[in-house]
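Right, I'll just put the structure down here and ask away after.
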Amino acid sequence: MATAEEIIATLQQWFAEGVALQHAEPLQAAQRYQQILAVAPFHGDSWHNLALAWQALRDWPAMLAVLNEALQKLPAEARLLRLRAECHSLMEQWALALQDLQAASQLQALDVRALCLQGHVAQSLERYDLAFTAFEQAMQLQPSDPLPVCRMAALCVELGQYEDALSMAQHAARLDPLAAEPLLQQALACKFLDRWEEAEQGLRQALQRKPDEAGLWCDLGIVLHGMGRLPEAEQAFDAALQRDPGHPLGRWNRSLVLLAQGRYQEGWPEYQSRWRAAINGQMPAYPFPLWQGEPLSGKHLLVHGEQGLGDCLQFIRYLAPLQAMGVQLSLHMPLPLHALFRLQWPDISVSAQDPVAADYHIPLMDLPARLLQDRPEPLKQIPYLRADPRQLASWQQQLSALPGRKVGLVWQGSRRQGHARSEWLDARRSLPLARLHAALSAIPGISWVSLQKGYGSEARLAWQPHWPTEDAAARFDDFTDTAACLTQLDLLISVDTSVVHLAGALGVPVWMLNRFDGDWRWGAHEADVTWYATVRQYRQVAIGEWDQPLQRLQDDLRRWVQGS
């Protein structure tokens, strides 16, 4: 029988072997720690290192199980609470992570790394005051450490304080000239400041220091995509996925490049990775399974909308092939679309979130991937929506007295006010009404009709006399009104917003003013409008430059009015 001294020596040997194996062979290291804990179940160092081994193996559930068991035995171990918070963060369980960090801080003051984690978790929960306080405390605790400065820069990016973010990132780079993280934060700030070449340069410098970092390759791909260099962007996303095949942002962004190039056979399956990347939140939970392509004849399928109103209007065309399969359909869609969709499909239940007893559910924008084998290209049967005949008559009467050609106008996309990235994107896709007034208002033979609803519509009141002269949007109750009004127009001129999708679905002619880095659905080039037969693009030739597309649209509009 071994003596106590011999047992202790054996445990010490196993622990030393585990530490030696920790980085190169984490699975073998985990086995050593498990041997120790079978004999000494309250050995905190072994629990801690065992969790780190599973972290190195990127097995977050196993890591969490270890930490849960460890904290049952050692509930006052602050470092285990901090490590579990890190695990919860890796699993995007933000509230649980914050709870663990708060519990750990009651036992022991948080160090710089833990404060940075607390700030990151709080930022993910949109508790920005708490995030700011955590990063500020970390910077005060260790002024020479670039990590909290980088985290503060990332917070400034999320809040839209891009100049401050750039300044913080530059300060972090001075603290550690060899680190990659400050260069990343500089690049992100430069991107949102439309300094794209500097963003690319910063990311390439960061990759020289960390060439195996999948996230850096993904960010480089995003910047190259924004610069219109799609083949290079695809190569960058491929490099990210070579280093981390499960990288959801890399896979989703790669799908956008594929779809923009019309490579639908490759792109649709990849596009489903948006759920793992949490691009627009999590997939809704339903008490019945996700439809994966099973036979639908005699079944009940719930189709639920996602992303914006324009996305729903664009992809609702895929109800037609579903109906041909003999399936009963129900729709969960945003409220502004209910009346319009009930008009099209009176036998289909349309609601926001009413309980449905279905066999399967499917996100609307996953339908192309499910129908890929039969129809990889976009369905192009136009029109696939119609206006209400009674409202048609009403709008015909309201607009009939307008002289000349009747042209609708939308200059502003919707935005989530207070959400910096939404405001940044909308500012780039939208146009000041003053620019349109200067370019278009003097063209004779046109009655201008405003279809601008909600945000941005107040800009019309700044012009004396008011322009556009006719404010149809003020009389819109829902999208059925918009649809009926559109069908009474000769043309719609609009930025990229949901009204374009509605007009395209109705077969109404649209001239769309589009930003240089247009959304994937508008293709890689100006002529690549594959979704709508009646939509024509006028696209920027350089980021932020509207003069050229406005001049071309103006010239075409003059010829159109003259009938040539």
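Reckoned from all heavy atoms, side chains included, excluding hydrogens, waters and symmetry mates.
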Checklist entry - Quick one: do R552 and E526 make a salt bridge, cutoff under 4.0 Å? => result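 Here R552 pairs with E526 in a salt bridge, since their nearest N and O are under 4.0 Å apart.
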Next on the checklist: side-chain contact (heavy atoms from CB on, under 4.5 Å), that's the test. Do L486 and L451 meet it? Break it down for me.
Outcome noted: CA-CA 9 Å; L486 279 167; L451 278 75; 3.5 Å; yes
Checklist entry - Does the side chain of R317 pick up a donor-acceptor pair with the side chain of Q381 at under 3.5 Å? => result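 No, because no side-chain N or O of R317 sits under 3.5 Å from a partner of the opposite role on Q381.
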Checklist outcome for this item: Minimal heavy-atom distance between L340 and A483, with the atoms involved, is CD1-CB, 4.2 Å
Next on the checklist: Do Q185 and M168 have side chains that approach each other closer than 4.5 Å (heavy atoms only, starting at C-beta)?
Outcome noted: no
Item to check | Full working for side-chain contact (heavy atoms from CB on, under 4.5 Å) between M333 and I316 | outcome: CA-CA 10 Å; M333 294 289 157; I316 201 68; 4.1 Å; yes
Item to check | 4.5 Å side-chain heavy-atom contact, M512 and I493 | outcome: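 Sidechains of I493 and M512: no contact.
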Checklist entry - Looking at residues at least two apart in the chain, or sitting in another chain, which of them share a side-chain hydrogen bond (donor to acceptor under 3.5 Å, both in side chains) with E200? => result R204, R229
Next on the checklist: My understanding is that only residues two or more places apart in sequence, or in another chain, count here; which of them pass side-chain hydrogen bond (donor to acceptor under 3.5 Å, both in side chains) with Q186?
Outcome noted: none
Item to check | Note, L322 side chain near W291 side chain (heavy atom, < 4.5 Å) | outcome: yes
Item to check | Shortest non-hydrogen contact between G507 and T534, atoms and distance | outcome: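 Smallest heavy-atom distance, with atoms named: O-CG2, 3.5 Å.
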Checklist entry - Without hydrogens or angle criteria, can the side chains of R84 and N68 be said to hold a donor-acceptor pair below 3.5 Å? => result yes
Next on the checklist: By the ring-ring contact (aromatic ring centres under 6.0 Å, His included) test, which pairs, at least two apart or in different chains, include something from residues 194-237?
Outcome noted: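 Listed by first then second residue: nothing to list.
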Item to check | H300/S330 under side-chain contact (heavy atoms from CB on, under 4.5 Å): CA gap, chis, key distance, verdict | outcome: CA-CA 8 Å; H300 188 168; S330 294; 2.7 Å; yes
Next on the checklist: Assess whether a salt bridge exists between D212 and R243, defined as any Lys/Arg side-chain N lying under 4.0 Å from an Asp/Glu carboxylate O.
Outcome noted: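 A salt bridge is present here (some side-chain N lies under 4.0 Å from a carboxylate O).
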Item to check | Heavy-atom side-chain proximity of E234 to L230 below 4.5 angstrom | outcome: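 Side-chain contact under 4.5 Å: no.
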Checklist entry - How about Y360 and I362: do any of their side-chain heavy atoms sit closer than 4.5 Å? => result no
Item to check | Pairs satisfying ring-ring contact (aromatic ring centres under 6.0 Å, His included), at least one member in residues 327-356, at least two apart | outcome: Y286-H332, F341-W345
Next on the checklist: Between R254 and D238, does any side-chain N to carboxylate O distance fall below 4.0 Å?
Outcome noted: yes
Item to check | Least distance between heavy atoms, A233 atom then V257 atom | outcome: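 Nearest heavy atoms, A233 then V257: CB-CG2, 4.1 Å.
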Checklist entry - In Å, rounded to the nearest 0.5 Å, how long is the span from CG of L117 to CG of L101? => result 5.0 Å
Item to check | Sidechain-backbone polar pair: W252 side chain, A277 backbone, donor-acceptor under 3.5 Å | outcome: no
Item to check | For the student: nearest non-hydrogen atoms of A173 and P182, plus distance | outcome: N-CB, 3.5 Å
Checklist entry - What pair of heavy atoms forms the shortest contact from E306 to P363, and how long is it? => result OE2-CB, 3.3 Å
Checklist entry - Ion pair present between D194 and R428, side-chain N to carboxylate O less than 4.0 angstrom? => result yes
Next on the checklist: Counting C-beta onward and ignoring hydrogens, is there a side-chain heavy-atom pair between L385 and L313 closer than 4.5 Å?
Outcome noted: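 With C-beta onward as the side chain, the pair touches.
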Next on the checklist: Taking the basic N atoms (NZ, or NE/NH1/NH2) and the acidic carboxylate oxygens, is any pair closer than 4.0 Å for K191 and E198?
Outcome noted: no
Checklist entry - With sequence neighbours left out, which residue pairs that include part of residues 526-548 fulfil the ring-ring contact (aromatic ring centres under 6.0 Å, His included) condition? => result F315-W531, H501-Y532, W511-Y538
Item to check | Rounded distance [0.5 Å steps], SG in C156 versus OH in Y128 | outcome: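 So the gap between those two atoms works out to 12.0 Å.
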Item to check | Plane angle bin for W268 and Y264 - parallel if under 30°, tilted between 30 and 60°, otherwise perpendicular | outcome: parallel
Checklist entry - Do W522 and D528 have side-chain atoms, one donor and one acceptor, less than 3.5 Å apart? => result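 Looking only at side-chain atoms, D528 and W522 do not form any donor-acceptor pair under 3.5 Å.
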Checklist entry - Which salt bridge (Lys or Arg N to Asp or Glu O under 4.0 Å) pairs, counting each pair once, include a residue from residues 355-369, with sequence neighbours left out? => result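 Found R274-D366.
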Item to check | Reported CD-to-CZ distance for the pair E545 and R539, which is rounded to 0.5 angstrom | outcome: 14.5 Å
Item to check | CA sep, side-chain torsions, deciding dist, call: D311, R521, salt bridge (Lys or Arg N to Asp or Glu O under 4.0 Å) | outcome: CA-CA 10 Å; D311 300 282; R521 69 204 72 212; 2.8 Å; yes
Checklist entry - Any donor-acceptor pair under 3.5 Å linking the side chain of Q161 with the backbone of V157? => result no
Checklist entry - Rounded to the nearest 0.5 Å, how far apart are CG of L329 and CG of L319? => result 6.0 Å
Checklist entry - H120 and W94: aromatic ring centres closer than 6.0 Å? => result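 They qualify: ring centres under 6.0 Å apart.
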Item to check | Candidate pair L166 and C190, rule side-chain contact (heavy atoms from CB on, under 4.5 Å), full reasoning | outcome: CA-CA 7 Å; L166 182 58; C190 284; 4.0 Å; yes
Item to check | Whether Q344 side chain and R386 backbone form a donor-acceptor pair below 3.5 Å | outcome: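 Confirmed, Q344 side chain pairs with R386 backbone.
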Next on the checklist: Do L309 and L337 make a side-chain contact, defined as non-hydrogen atoms from C-beta onward lying under 4.5 Å apart?
Outcome noted: yes
Checklist entry - Taking atom SG of C218 and atom CG of N253, what is their separation to the nearest 0.5 Å? => result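 It is 5.0 Å, given to the nearest 0.5 Å.
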Item to check | Side-chain donor or acceptor of S430 paired with backbone N/O of Q412 under 3.5 Å | outcome: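 No, the answer is negative, given that no donor and acceptor are paired below the 3.5 Å cut-off.
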Next on the checklist: Please determine whether a side-chain nitrogen of the Lys or Arg among E181 and R209 lies less than 4.0 Å from a carboxylate oxygen of the Asp or Glu.
Outcome noted: no
Checklist entry - What are the two closest heavy atoms between P245 and R251, and how far apart are they? => result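 Here P245 and R251 meet closest at O-NH2, 2.8 Å.
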Checklist entry - Under 6.0 Å from the CD atom of Q292, do we count more than 12 heavy atoms belonging to anything else shown? => result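 Counting neighbours around CD of Q292, more than 12 heavy atoms of other residues, nucleotides or ligands fall under 6.0 Å, so yes.
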Checklist entry - What is the distance from atom CG of L96 to atom SG of C87, rounded to the nearest 0.5 Å? => result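 Answer for the CG-SG pair, L96 versus C87, is 10.5 Å.
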Next on the checklist: A side-chain contact here means heavy atoms from C-beta on lying under 4.5 Å apart; do D59 and P61 qualify?
Outcome noted: yes
Checklist entry - Side chains of N514 and Q540: is there a donor and an acceptor less than 3.5 Å apart? => result no
